[in-house]
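Along the sequence shown, residues are numbered consecutively beginning with 1. In each ligand, atom 1 is the first atom listed, and ligand 1 is the first ligand listed.
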Amino acid sequence: MAELCCADTPPGIPDEEVMVVQMHEVDVEQFATGRRSDVAVVDVRSAEEFAAGHVPGAVNVPLERVVTDPGRYAGQELYVICQSGGRSAKAAEALTAAGARPVSVAGGTAGWISSGRPVDTGAR
Ligand SMILES: O=S(=O)([O-])[S-]
């Protein structure tokens with residue numbers, strides 16, 4: 001079965017052979033102003049990157065761990081964030097395919113910091 005993200009069925013592939021993986025994304029501004037307090041923020045960067053500065057309230061689960069066992073988040077809503085949006089998009093794709101409902105923060109922690117918002121440091 002072909003797997004597609006955010007696209008219509010390409011020509012030549014019957015609809016029944018396509019599984020569409022729909023990913024949700026917000027930018028830093030939308031995240032900052034619309035963040036739901038009941039939804040976890042999972043930072044998928046390395047422990048070292050996380051300790052150097054992260055969005056307050058985020059928990060660190062490096063991408064390798066997320067993609068090894070995405071099913072542990074099945075049925076859950078969560079925000080995923082990384083440095084600038086690359087790894088969080090990968091995490092969101094794996095999580096969505098495993099039945100979770102992730103929202104990737106485009107622009108990531110770098111965007112958060114450059115917008116002047118506060119960061120926490122240290123492990124969590
Ligand atoms: O964290 S990143 O993959 O966007 S560089």
- prompt: Should one rank A106, G107, G86, S46 by closest heavy-atom distance to atom 4 (O) of ligand 1, which comes out on top?
  reply: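 Minimum heavy-atom distance to atom 4 (O) of ligand 1 goes to G86.
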
message: Any atom of ligand 1 sitting under 4.0 Å from a heavy atom of G85?
response: yes

- request: Return the residue, atom name and 0.1 Å-rounded distance of the protein heavy atom closest to atom 5 (S) of ligand 1.
  value: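 Residue, atom and distance for the closest contact: S84 OG, 3.7 Å.
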
- line: The protein heavy atom nearest to atom 3 (O) of ligand 1 is R87 N, 3.0 Å

task: Look only at interatomic distance and state if Q83 has a nitrogen or oxygen under 3.5 Å from any nitrogen or oxygen of ligand 1.
output: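 Yes, there is a polar N/O contact under 3.5 Å.
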
query: Quick check: does C82 get an N/O under 3.5 Å from an N/O on ligand 1?
result: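 Not met; the criterion fails.
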
message: So F50 and V59, do their side chains get closer than 4.5 Å, heavy atoms only?
response: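 No, their side chains stay 4.5 Å or more apart.
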
- prompt: Under a 4.5 Å cut-off applied to non-hydrogen side-chain atoms, are R45 and H54 in contact?
  reply: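 Of all side-chain heavy-atom pairs linking H54 with R45, at least one is under 4.5 Å.
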
task: Salt-bridge test for E64 and R87: reply yes if a basic N is under 4.0 Å from a carboxylate O, no otherwise.
output: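 Salt bridge: no.
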
- request: Would you sort out whether F31 and V41 count as a side chain to side chain contact (heavy atoms under 4.5 Å, CB included), showing the intermediate values?
  value: CA-CA 10 Å; F31 172 64; V41 180; 3.9 Å; yes

field: Flag for T96-E93: side-chain donor and acceptor within less than 3.5 Å
entry: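 No, T96 and E93 have no side-chain donor paired with an acceptor closer than 3.5 Å.
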
